[in-house]
Amino acid sequence: MKNVTVGWFEIPVNDMDRAISFYQKVFNCTLQKMDMGDFKMAMFPGEAEGSGAGGSLVSHKDFYKSSELAGPLIYFSCEDVADVLEIVEKAGGKVQIEKRMISPEYGYMGVFLDSEGNRIALHSPS
């Protein structure tokens, strides 16, 4: 395999409505909520043929748990990490790592805890 890319991601949540509200505020978007009985999902907007990976918030009492220190770390792309981190705290999250340079070639990153206690990362070119 020459390239390994993310094809889909799922972020576990404890309170779906609270998590939808948080992510809609932070990323200024609308998530599509789906209820499948004991399994709930809210999909991030995206294009099937667009760049990047699609993903969703997920909730199931037995199969998904949030974690602030372990598990996968998902990086969302953005224009400026600092601008998004500023919104995170107002939306009910907590900044763990302020904007910092990775390198001049790779740009900047930052990490926050979402409303459900998951670690989420951000990346921007400047």
Chemist: For the backbone of Leu31 and the side chain of Gln24, can you confirm whether one donor and one acceptor N or O come within less than 3.5 Å of each other?
Modeler: yes
Chemist: Any side-chain heavy atom of Asn14 sitting closer than 4.5 Å to one from Tyr64?
Modeler: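 Asn14 does not reach Tyr64 side chain to side chain.
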Chemist: Could you tell me whether the side chain of Met34 reaches within less than 4.5 Å of the side chain of Met43, counting heavy atoms only?
Modeler: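 Yes; the side chains approach each other to less than 4.5 Å.
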Chemist: Taking 4.0 angstrom as the limit, do Asp17 and Lys33 come out as a salt bridge?
Modeler: yes
Chemist: Under 3.5 Å, side chain of Asn118 to main-chain N/O of Pro12, donor-acceptor pair present?
Modeler: yes
Chemist: Kindly compute the distance separating CD (Glu86) from CG (Asp80), expressed to the nearest 0.5 Å.
Modeler: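 It comes to 10.0 Å.
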Chemist: Can you tell me how far apart CG (Asp15) and OG (Ser66) are? Round to the nearest 0.5 Å.
Modeler: 11.0 Å
Chemist: For residues 119-126, run the donor-acceptor check on the side chains, cut-off 3.5 Å, and write out each pair with its distance to 0.1 Å, sequence neighbours left out.
Modeler:
{"from": "Arg119", "atom 1": "NH2", "to": "Gly71", "atom 2": "O", "distance (Å)": "3.4"}
{"from": "His123", "atom 1": "NE2", "to": "Tyr106", "atom 2": "O", "distance (Å)": "2.5"}
{"from": "Ser124", "atom 1": "OG", "to": "Val81", "atom 2": "N", "distance (Å)": "3.2"}
{"from": "Ser124", "atom 1": "OG", "to": "Ser126", "atom 2": "O", "distance (Å)": "2.7"}

Chemist: Would you indicate whether the side-chain heavy atoms of Val88 and Lys94 approach each other to under 4.5 Å?
Modeler: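 Lys94 does not reach Val88 side chain to side chain.
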Chemist: Drop me the distance from Tyr108's OH to Cys78's SG, to the nearest 0.5 angstrom.
Modeler: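 So the OH of Tyr108 and the SG of Cys78 are separated by 12.5 Å.
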Chemist: Strictly under 6.0 Å, is that where the ring centroids of Phe76 and Phe44 end up?
Modeler: yes
Chemist: Please report the interatomic distance CZ(Phe27) to CZ(Phe22), rounded to the nearest 0.5 Å.
Modeler: 7.5 Å
Chemist: Check the pair Glu116, Arg18 against salt bridge (charged side-chain N to carboxylate O under 4.0 Å, His left out), reporting the backbone distance first and the verdict last.
Modeler: CA-CA 8 Å; Glu116 307 305 295; Arg18 178 179 63 201; 2.7 Å; yes
Chemist: Are Ile74 and Tyr23 grouped together when hydrophobic residues (ILVMFWY) are joined by side-chain heavy atoms under 4.5 angstrom apart?
Modeler: yes
Chemist: Is there a path of hydrophobic side-chain contacts, each under 4.5 Å between heavy atoms of I/L/V/M/F/W/Y residues, joining Met16 to Met36?
Modeler: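 No.
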Chemist: Cluster question for you: counting only ILVMFWY and a side-chain heavy-atom cut-off of under 4.5 Å, with indirect links fine, are Val26 and Val95 together?
Modeler: yes
Chemist: Once you round to the nearest 0.5 Å, how far does CD1 of Ile20 lie from CE of Met41?
Modeler: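 With rounding to 0.5 Å, CD1 (Ile20) is 11.5 Å from CE (Met41).
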Chemist: Could you state whether Leu73 and Ile11 fall into the same hydrophobic cluster, counting links through intermediate Ile, Leu, Val, Met, Phe, Trp or Tyr residues with side-chain heavy atoms under 4.5 angstrom apart?
Modeler: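 Unlinked, Leu73 and Ile11 end up in two clusters.
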Chemist: Surrounding CD of Glu89 (heavy atoms of other residues, nucleotides or ligands, distance under 6.0 Å), is the total greater than 12?
Modeler: yes
Chemist: Shared ILVMFWY cluster between Phe9 and Val111, side chains joined below 4.5 angstrom?
Modeler: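 Cluster IDs for Phe9 and Val111 differ.
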Chemist: Output the distance between atom OG (Ser103) and atom CE (Met101), rounded to the nearest 0.5 Å.
Modeler: 7.5 Å
Chemist: In residues 52-61, what donor-acceptor pairs under 3.5 Å come from side-chain atoms, sequence neighbours left out?
Modeler:
{"from": "His60", "atom 1": "ND1", "to": "Asp62", "atom 2": "N", "distance (Å)": "3.0"}
{"from": "His60", "atom 1": "ND1", "to": "Phe63", "atom 2": "N", "distance (Å)": "3.4"}
{"from": "His60", "atom 1": "NE2", "to": "Asp38", "atom 2": "OD2", "distance (Å)": "3.0"}

Chemist: Do Glu10 and Trp8 have side chains that get closer than 4.5 Å, going by heavy atoms?
Modeler: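 Yes; the side chains approach each other to less than 4.5 Å.
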